Number of protein chains: 2
Amino acid sequence: MNQQQRGVLLGSGLFAGIQPDQIDAMLGCLNARQEHYEKNTLVWNIGDTLHACALVLSGALRAESVNASGEHLLMANHRAGALVGDVLMATPGSKSPVYVVASEDSELLFLPFHRIMSGCDDCCSWHTKLRENLVSEIAMKFWAQRQRTLYLSAKSLRQRIAMRLYDEYCRTGSLTFSLGGTREDLADFLGANRSALSREIGRMKSEGILDYYKDTFRILSLEKLSKDVG
Amino acid sequence: MNQQQRGVLLGSGLFAGIQPDQIDAMLGCLNARQEHYEKNTLVWNIGDTLHACALVLSGALRAESVNASGEHLLMANHRAGALVGDVLMATPGSKSPVYVVASEDSELLFLPFHRIMSGCDDCCSWHTKLRENLVSEIAMKFWAQRQRTLYLSAKSLRQRIAMRLYDEYCRTGSLTFSLGGTREDLADFLGANRSALSREIGRMKSEGILDYYKDTFRILSLEKLSKDVG
DNA sequence: TCCTTTTTGTTGCGCAGGCAACGAAGAGTG
DNA sequence: CACTCTTCGTTGCCTGCGCAACAAAAAGGA
C-alpha cells in the first residue's frame with residue numbers, strides 16, 4: 001500500500017478516528033488482503049455470497065444489475081474511499097443482487113466482515129471503534145437510499161431538482177457546487193428523462209433561479225428554489 | 001412484561017437465535033427499560049437525539065415528517081416486533097427527521113444503543129449475536145429502502161404494480177396474498193395517485209392478469225405479470 | 001490534424017397518469 | 001336506525017413529461 005492509498009484509507013469513513021500508527025496492527029488482526037484488479041475485471045458476480053467487503057484504495061468500481069429483459073442497469077459507482085459489499089454482508093444469507101466490476105485499474109482492500117463484527121480475544125481498543133464505523137457506514141447508506149426515495153416520491157420533476165439542489169446547498173453550505181457525473185446520471189438519479197431534465201433546468205435558469213455548466217450548479221435565488229422544494 | 005410481549009420479543013429480529021432463558025440477564029446487562037405509551041402520545045420529536053432504540057412489544061408506532069408546507073407525511077408504521085430508531089442511532093450526530101407517536105396504546109422496550117454495540121467487560125456469549133442481529137436489522141432496512149427506489153424508478157405505474165406483486169409472490173410463494181394497509185397506502189408506496197392505481201389494477205383485472213378485493217390480491221397469470229415486470 | 005464518440009441543448013408530438021368530482025358500500029358511533 | 005367517516009370504483013379533463021430526433025459542442029483516439 002503506497003502513501004496515497006494509505007491516505008485514502010485513513011480518510012475513509014470506516015477508519016475514521018483511528019490512530020494512523022495502529023493501522024498496520026489492525027490490518028494484520030483483521031486479516032485484511034489487498035488485491036489489484038485490472039480495468040473491466042469482475043470483482044464478484046450476481047448471486048455470489050461474500051466473505052469480505054472491499055475498501056476502494058484507488059480506482060473505481062461499478063455495480064450493475066441485469067433485469068428480466070437482459071438490460072444492464074448501473075446501480076452505483078464506488079470511488080476511492082468507498083466501502084463496497086458491507087450492507088450485503090451484514091444481511092445474513094443474502095446473495096449479491098449486482099455484479100461488481102472495476103471500471104478502472106483498482107486497488108482493493110478486502111476486510112473479512114466477521115473479523116470486524118466479532119471481538120477478538122484481547123479486545124483491542126480500536127475494535128469497538130471500527131465496528132461503530134462499520135455500522136455508521138451501513139446506516140448512512142440507508143439514509144442515502146431514503147433520501148433517494150424522497151426525491152423519487154416528489155410529484156414533479158421541478159420539485160425533485162429543487163430538492164436535490166437544496167440538499168446539496170445544505171450539505172456544502174455553498175451556493176455553487178459540483179454534483180459529479182453526467183447529465184444522464186443526474187436524470188437517472190432523479191428518475192427522469194435526460195431531455196426532460198435539460199428542459200426543466202433550462203426553464204429554471206430562464207426564471208433566474210439558477211445557473212449551470214455541465215455538472216456545476218449555482219443557485220441564484222435561494223428563495224425561489226425553496227418555493228419549488230415545497 | 002407479560003407472556004405475549006415476551007413472545008413478541010423472542011420473535012423479533014433483534015433477539016433471533018437468543019436462548020429464552022438468557023433474556024432476563026441480557027435485559028439487565030443492557031439496562032433495558034420498558035415503558036408504556038398511551039395512544040397519541042409522543043415518543044420522540046423531530047430534531048431529537050436518541051440514546052436508546054425502541055422495540056415495540058405491543059401496540060404500534062407511527063413515524064411522520066413535516067414538510068416545508070407544514071403537511072404531515074406518514075413515513076412508516078411500526079407494529080409489534082419492530083425496532084424503531086436503530087438506524088438513527090447508528091448514525092453519529094444525527095437528529096431525528098421524524099416525530100414518532102403511539103398510534104395505539106403501546107408497550108415499548110428501550111435498549112441503549114451503545115450497550116448493544118460496545119462489548120461488556122465479561123464478553124457475554126450472546127453479545128456478539130445481539131450485535132449481529134442489530135446490524136442485520138439495519139441492513140435489512142437498507143434493502144427495503146432500496147427495493148422501494150427500484151419500484152419508484154420504474155417508468156410506468158403498470159410496471160411498479162407488477163414488480164410489487166411479483167416480489168410479494170416470490171416472498172410468500174403464494175399466488176394469493178394480502179398486502180396490508182389501504183389502497184391509498186399502496187398508492188403512496190408506489191408513488192402514484194390512488195385513482196390512477198385503481199384504474200390500472202382495474203385494467204389488469206380486465207386483462208385476466210389478476211383479481212383483487214381490498215388489500216388481497218390473486219395473481220391469475222404469472223406469465224402476463226412477468227411480462228409487465230420487464 | 002481528422003474522425004469517432006460522448007455529452008448537452010432544444011423542440012414537437014403524444015400519452016400516461018395526476019387531479020377533481022361523484023356515487024356507493026362498508027364501518028363505527030350515538 | 002340515522003348519521004358520519006372512511007375507503008373504493010369510475011370517469012372526464014388536461015398537463016407534465018417521456019420519447020425521438022437533430023444539431024452542436026466537447027472529448028478522446030489514432
Side-chain angles (χ1 to χ4, degrees), chain A residues 39-40 60 62 69 71-74 77 103-105 151-164 178-207 209-218 227-230, chain B residues 39-40 62 69 71-74 77 103-104 151-164 178-207 209-218 227-230:
Chain A
K39 181 172 177 174
N40 293 328
R62 193 157 34 93
S69 316
E71 293 170 300
H72 293 236
L73 296 173
L74 177 66
N77 264 318
S103 46
E104 312 167 10
D105 282 22
Y151 293 149
L152 293 179
S153 48
K155 307 156 298 306
S156 70
L157 177 55
R158 167 73 70 110
Q159 188 179 4
R160 287 202 268 265
I161 298 168
M163 289 170 73
R164 179 69 188 91
S178 193
L179 291 181
T182 70
R183 186 63 36 90
E184 184 101 43
D185 291 337
L186 182 58
D188 282 350
F189 182 78
L190 296 178
N193 178 281
R194 183 194 58 79
S195 63
L197 174 62
S198 282
R199 185 199 290 150
E200 196 63 40
I201 60 177
R203 275 203 274 260
M204 294 172 85
K205 181 177 180 178
S206 72
E207 292 176 27
I209 300 177
L210 52 81
D211 200 357
Y212 58 91
Y213 172 73
K214 302 241 176 183
D215 68 335
T216 302
F217 289 79
R218 176 192 301 271
K227 267 191 58 184
D228 286 332
V229 171
Chain B
K39 182 173 178 174
N40 292 329
R62 194 156 34 94
S69 317
E71 295 170 300
H72 294 236
L73 296 173
L74 177 66
N77 264 319
S103 46
E104 312 166 10
Y151 293 149
L152 293 179
S153 49
K155 306 154 299 305
S156 70
L157 177 54
R158 167 73 71 111
Q159 188 179 4
R160 287 202 268 263
I161 297 168
M163 289 169 73
R164 178 70 187 91
S178 193
L179 290 181
T182 71
R183 186 62 37 90
E184 185 101 43
D185 291 337
L186 181 58
D188 282 350
F189 182 78
L190 296 178
N193 179 281
R194 183 192 59 78
S195 63
L197 174 61
S198 282
R199 185 199 290 152
E200 195 62 40
I201 59 176
R203 276 203 274 258
M204 294 172 85
K205 181 176 180 179
S206 72
E207 292 174 28
I209 300 177
L210 52 81
D211 200 358
Y212 58 91
Y213 173 73
K214 302 243 176 183
D215 68 335
T216 301
F217 289 79
R218 176 192 300 272
K227 266 192 57 183
D228 287 332
V229 171

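No experiment lies behind these values; they were computed from the predicted model shown. Below, read A as the first sequence line, B as the second, and so on, with proteins coming before strands; counting in each chain starts at 1.
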Whole angstrom value for the distance that separates [atom2] of [N] from [atom1] of [X]:
X	N	atom1	atom2	answer
A/L186	C/dT8	CG	C1'	13 Å
A/D215	C/dT8	CG	P	8 Å
B/R158	C/dG17	CZ	C1'	13 Å
A/R183	C/dT8	CZ	C1'	7 Å
B/L152	C/dG17	CG	P	13 Å

Output the residues of residues 188-201 of chain B in contact with DNA chain D, where contact means a heavy atom of the residue under 4.0 Å from an atom of the strand; sort by number or write none.
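Only B/R194, B/S195, B/S198, B/R199 qualify.
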Closest approach of [X] and [Y], non-hydrogen atoms and distance?
X	Y	answer
A/Q159	A/V229	NE2-O, 3.0 Å
B/L190	B/I161	CD1-CG1, 4.0 Å
A/K39	A/D105	N-OD1, 2.8 Å
A/L157	A/A192	CD1-CB, 3.5 Å
A/I201	A/R183	CD1-NH1, 3.4 Å
B/T216	B/S178	OG1-OG, 3.7 Å

Could you tell me if the side chain of A/L179 sits less than 4.5 Å from the side chain of A/Y212, heavy atoms only?
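With C-beta onward as the side chain, the pair stays apart.
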When you compare the side chain of A/N40 with that of A/R62, does any pair of heavy atoms fall below 4.5 Å?
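Yes, side chains in contact.
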The single option from A/M163, A/R158, A/R160 passing side-chain contact (heavy atoms from CB on, under 4.5 Å) against A/D228:
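Exactly one candidate clears the test, A/R158.
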Within the 4.0 Å limit for protein heavy atoms, which parts of nucleotides 24-30 of chain C are touched? Write it as a string from 5' to 3', B for base, S for sugar-phosphate only, - for none.
-------
Under the 3.5 angstrom rule, does the side chain of A/D185 hit a backbone N or O of A/T182 as a donor-acceptor pair?
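Looks like yes, one N/O pair under 3.5 Å.
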What are the 5'-most and 3'-most nucleotides of DNA chain D lying under 4.0 Å from any heavy atom of chain A?
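That gives a stretch of D/dC17 to D/dA27.
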Which residue pairs satisfy the salt bridge (charged side-chain N to carboxylate O under 4.0 Å, His left out) criterion with at least one member in residues 209-218 of chain B, sequence neighbours excluded?
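Counting only pairs at least two positions apart or across chains, the salt bridge (charged side-chain N to carboxylate O under 4.0 Å, His left out) contacts touching residues 209-218 of chain B are B/K205-B/D211.
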Return the 5'-most residue of the pair B/S156, A/G202 with respect to DNA chain C, ranking by each residue's nearest nucleotide.
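Mapping each residue to its closest nucleotide by heavy atoms, the 5'-most match is A/G202.
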Hey, what bend do you get for the helix from C/dT1-D/dA30 to C/dG30-D/dC1 if you fit axes on five pairs at each end, rounded to 10°?
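End-to-end axis angle: 50°.
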Nearest-0.5 Å distance, CG of residue A/L186 to CZ of residue A/R194:
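That separation rounds to 12.0 Å.
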Mind checking side chain to side chain donor-acceptor pair (under 3.5 Å) for B/E184 and listing every partner two or more places apart, or none if nothing turns up?
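For B/E184 there are no side chain to side chain donor-acceptor pair (under 3.5 Å) partners, ignoring immediate neighbours.
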